Amino acid sequence: MSMNIIRKITHEEVMMLHMLGILPRHIFGLAGHPLLDQALKPGKLYKTLRLLLPQYGFTPGYPEMLLARAQRILSAQRNAGVGTISCFDVDYPKSLLEIDDFPPLIHYLGDSSLFSELNQVAVVGARNADHQGCEAAWKLGYEFGKDHIVVSGLAAGCDTAAHRGCLQAGGRTVAVVATGLDTVFPQENEDLQKDILRSGGAVLSEQLFGAEAKPKYLVARNRLQAALANTVIVAQCPERSGTLHTVKFAQRYHKDVKAWRFTVRNEANAGNFVLIGSGVASSIVLE
């Protein structure tokens, strides 16, 4: 991707462009526009930017007001120890740039270098998993945590068990969450998040401070789990489950999909049987 950028675009400016409703790929297009540097200079009142926006199909808004909001948000996040990486930064994960709807900014706690590791495995599953499902997730987290970065979503059930299994193995794990990093969701996993960070892991979000867990944010979170990992493993899920969003994203991104193989089918693990029986996932079991 070749871009003629006169100066580095700040995180605040990227956030402002995103707040205006500009898609990430269009932000890249704007970044190469010869008038963008003039548009972003303080004191210009963004008159030039208002001229550029219609070329990308957007009605000009009030970018200077949104820039001020972006500055307040990122300042609050920095003061709380939250780091931010822009899609223009060299340490932005390449695996995320490969998807169409990559987030223009990602926010994190912990070791951000883990996001670019090549040996990432996502272990996902239902929040309402039964004992067998949580046991499967723990085993997967434990075994893969020995030599992989284990990615999961910090949710109750399978996610919690996968993170815990990885930590027990002395591994490092990444929690991809659907809220701003001023919130831990669910709240009962606050200690788990602390353990993840103490053990050299990381927490990743594309949401800003103040964002609460919403269905659309949870689905968006699932796409990041699938994008980061080379392999997505379903520990346990019923036939109708949010976990299947992660599977669909993994298919779209041409990632390897596996599902834990149970011997007896029940309501809690019926999704695993469907995934394996349809050929969407290959089976996996660890003794």
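Along the sequence shown, residues are numbered consecutively beginning with 1. It should be emphasised that the depicted structure is a prediction, and the values quoted were computed from it without experimental measurement.
- Put simply, CD on Glu13 and NE2 on His18 are 16.0 Å apart, with the number rounded to the nearest 0.5 Å.
- In this structure, Glu117 CD and Asn230 CG are separated by 11.0 Å, a value rounded to the nearest 0.5 Å.
- Residue Leu197 comes nearest to Ala202 through the heavy atom pair CD2-CA, 4.1 Å, listed as atom of the first residue, atom of the second, then distance.
- Here the CG atom belonging to Asp182 is positioned 4.5 Å from the CZ atom belonging to Phe209, to the nearest 0.5 angstrom.
- At least one side-chain heavy atom of Phe262 sits under 4.5 Å from a side-chain heavy atom of Gln132.
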Criterion salt bridge (charged side-chain N to carboxylate O under 4.0 Å, His left out) on Arg25 and Asp100, from CA distance to verdict: CA-CA 8 Å; Arg25 61 179 179 273; Asp100 290 337; over 6 Å; no
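- Within the 4.5 Å cutoff, side-chain heavy atoms of Ser75 are placed close to those of Arg78.
- For Lys214, the NZ atom is loosely surrounded, since the number of other residues' heavy atoms within 6.0 Å does not exceed 12.
- Residues Lys146 and Ala169 come closest through the heavy atom pair CG-CB, 4.1 Å.
- Enclosure of atom CD in Gln187 is not indicated, since only 12 or fewer non-hydrogen atoms of other residues, nucleotides or ligands lie within 6.0 angstrom.
- A 4.5 Å side-chain heavy-atom check between Ile149 and Val174 finds at least one atom pair inside the cut-off.
- The main-chain N or O of Val234 is never found under 3.5 Å from a side-chain atom of Lys258 such that the two would form a donor-acceptor pair.
- Between Asp159 and Arg127 there is no salt bridge, since no side-chain N of the basic residue sits under 4.0 Å from a carboxylate O of the acidic one.
- Side-chain contact check for Phe88 versus Val14: some heavy-atom pair is nearer than 4.5 Å.
- Ion pairing between Arg172 and Asp111 holds under the 4.0 Å rule for side-chain N and carboxylate O.
- Not a single donor-acceptor pair under 3.5 Å links the side chain of Arg164 to the backbone N or O of Trp138.
- In terms of modelled atom types and a separation under 3.5 Å, the side chain of Thr173 and the main chain of Cys166 share no donor-acceptor contact.
- Side chains of Gln236 and Asp130: a donor on one and an acceptor on the other come within 3.5 Å.
- There is no path of hydrophobic side-chain contacts, each under 4.5 Å, that joins Val176 to Leu109.
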Verdict with supporting geometry, Gln77 and His107, side-chain hydrogen bond (donor to acceptor under 3.5 Å, both in side chains): CA-CA 9 Å; Gln77 293 189 171; His107 314 281; 3.2 Å; yes
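- Looking only at distances, a side-chain donor or acceptor of Asn272 sits under 3.5 Å from a matching main-chain atom of Cys237.
- Nearest approach of Val232 to Ala250, heavy atoms of both residues: CG2-CB, 3.8 Å.
- Here the closest non-hydrogen pair linking Ser152 and Ala162 is OG-CB, 4.3 Å.
- Separation of atoms OG (Ser199) and NZ (Lys194) is listed at 14.0 Å; rounding is to 0.5 Å.
- Interatomic distance, CD of Gln120 versus CG of Leu228, reported as 5.0 Å (0.5 Å rounding).
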CA sep, side-chain torsions, deciding dist, call: Val247, Arg252, side-chain contact (heavy atoms from CB on, under 4.5 Å): CA-CA 9 Å; Val247 172; Arg252 183 186 304 176; over 6 Å; no
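- Heavy atoms only, all atoms of each residue included: Trp260 and Ala235 are closest at CB-O, 3.3 Å.
- A donor-acceptor pair shorter than 3.5 Å cannot be found between the side chains of Asp91 and Ser112.
- Within the 3.5 Å criterion, the main-chain N or O of Ala155 finds a donor-acceptor partner in the side chain of Thr160.
- Residues Ile196 and His163 meet the side-chain proximity criterion, which asks for heavy atoms closer than 4.5 Å.
- For the pair Val219/Phe249, a side-chain contact is recorded, criterion being any heavy-atom separation below 4.5 Å from C-beta on.
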Salt bridge (charged side-chain N to carboxylate O under 4.0 Å, His left out) between Arg265 and Glu239, intermediate numbers included: CA-CA 11 Å; Arg265 178 170 177 158; Glu239 286 193 69; 3.2 Å; yes
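- Considering all non-hydrogen atoms of both residues, Pro238 and Ala126 come closest at CD-CB, 3.9 Å.
- The same ILVMFWY cluster, assembled from side-chain heavy atoms under 4.5 Å apart, contains both Tyr108 and Ile99.
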Step-by-step side-chain contact (heavy atoms from CB on, under 4.5 Å) determination, Phe115 to Leu204: CA-CA 9 Å; Phe115 309 146; Leu204 167 68; 3.8 Å; yes
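- The neighbour count for Leu118 CG, taken as heavy atoms of other residues, nucleotides or ligands under 6.0 Å away, does not exceed 12.
- Donor-acceptor pairing under 3.5 Å is lacking for the side chains of His11 and Ser86.
- Surrounding CD of Glu212 are at most 12 heavy atoms belonging to other residues, nucleotides or ligands under 6.0 Å away.
- Using modelled atom types, one side-chain atom of Ser278 and one backbone atom of Val274 make a donor-acceptor pair closer than 3.5 Å.
- By the criterion of side-chain heavy atoms lying less than 4.5 angstrom apart, applied directly or through intervening Ile, Leu, Val, Met, Phe, Trp or Tyr residues, Leu244 is not grouped with Val151; the two fall into different hydrophobic clusters.
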Stepwise side-chain contact (heavy atoms from CB on, under 4.5 Å) test for Leu208 and Met15: CA-CA 10 Å; Leu208 304 175; Met15 184 182 293; 3.4 Å; yes
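- Two residues are said to be in side-chain contact when any heavy atoms from C-beta on lie closer than 4.5 Å; Tyr92 and Pro103 meet this criterion.
- By the rule that hydrophobic residues join a cluster once side-chain heavy atoms approach within less than 4.5 Å of another member, Val124 and Val285 end up as members of separate clusters.
- Using modelled atom types, one side-chain atom of Arg223 and one backbone atom of Asp101 make a donor-acceptor pair closer than 3.5 Å.
- Across Val150, Asp147, Leu140, Ile233, a single residue satisfies side-chain contact (heavy atoms from CB on, under 4.5 Å) together with Val121, and that is Ile233.
- Between Cys87 and Leu97, the closest side-chain pair of non-hydrogen atoms falls below 4.5 Å.
- Interatomic distance, CG of Leu105 versus OG1 of Thr84, reported as 6.5 Å (0.5 Å rounding).
- The hydrophobic clustering, which links ILVMFWY residues whose side-chain heavy atoms are closer than 4.5 Å, places Ile73 and Leu181 apart.
- Between the side chain of Asn189 and the main chain of Leu154, a donor-acceptor pair closer than 3.5 Å is present.
- For the pair Arg69 and Glu12, the salt-bridge criterion is not met [side-chain N within less than 4.0 Å of a carboxylate O].
- Side chain to side chain, Asn269 and Asn266 meet the donor-acceptor criterion of an N or O pair below 3.5 Å.
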